[in-house]
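This report concerns only the one structure given below.
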Amino acid sequence: MNSQGDYFIVKAKANGVNVIGLTRGNDTRFHHTEKLDKGEVLIAQFTEHTSAVKVRGKATIMTRYGVMDTEE
């Protein structure tokens, strides 16, 4: 099974944006965190280990499904 997934982009609109990767499986856990400052961009991909991502802070998230901003 190929569990390589979609790419997504997070662009920080303020300093201190956290992008947190969550694991797949029976127990969902945090497994990776990136901290972005204003203007920084993270390009990432869902994988066999990452099933979800939590974004904390002011940011724009871009996916093939659309563009969204976190609450201001």
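Only heavy atoms go into these numbers, but all of them, side chains included; no hydrogens, no water, no symmetry mates.
Nearest heavy atom pair, residue His31 against residue Thr50, reads NE2-OG1, 2.7 Å. When all heavy atoms of Leu36 and Val10 are compared, the closest pair comes out as CD1-O, 3.9 Å. The minimum heavy-atom distance linking Ala59 with Val17 is given by the pair CB-CG1, 4.0 Å. Here the shortest heavy-atom pairing between Thr70 and Gly57 reads OG1-O, 2.7 Å.
The side-chain contact (heavy atoms from CB on, under 4.5 Å) search around His32 returns Glu34, not counting sequence neighbours. When the side-chain contact (heavy atoms from CB on, under 4.5 Å) test is applied to Thr63, the partners found at least two apart in sequence or on another chain are Phe8, Ile61, Tyr65. Residues that satisfy the side-chain contact (heavy atoms from CB on, under 4.5 Å) test with Lys38, not counting sequence neighbours, are Asn15. With sequence neighbours excluded, no residue forms a side chain to side chain donor-acceptor pair (under 3.5 Å) with Thr23. Every residue two or more places apart in sequence or in another chain that forms a side-chain contact (heavy atoms from CB on, under 4.5 Å) with Arg64 is listed here: Asp6.
In summary, of the residues considered (Ile20, Asn18, Val19), a side-chain contact (heavy atoms from CB on, under 4.5 Å) with Lys35 occurs for Asn18 alone.
Hydrophobic side-chain contacts under 4.5 Å tie Ile9 into a cluster, directly or through other members, with Tyr7, Val41, Ile43, Met62, Val67.
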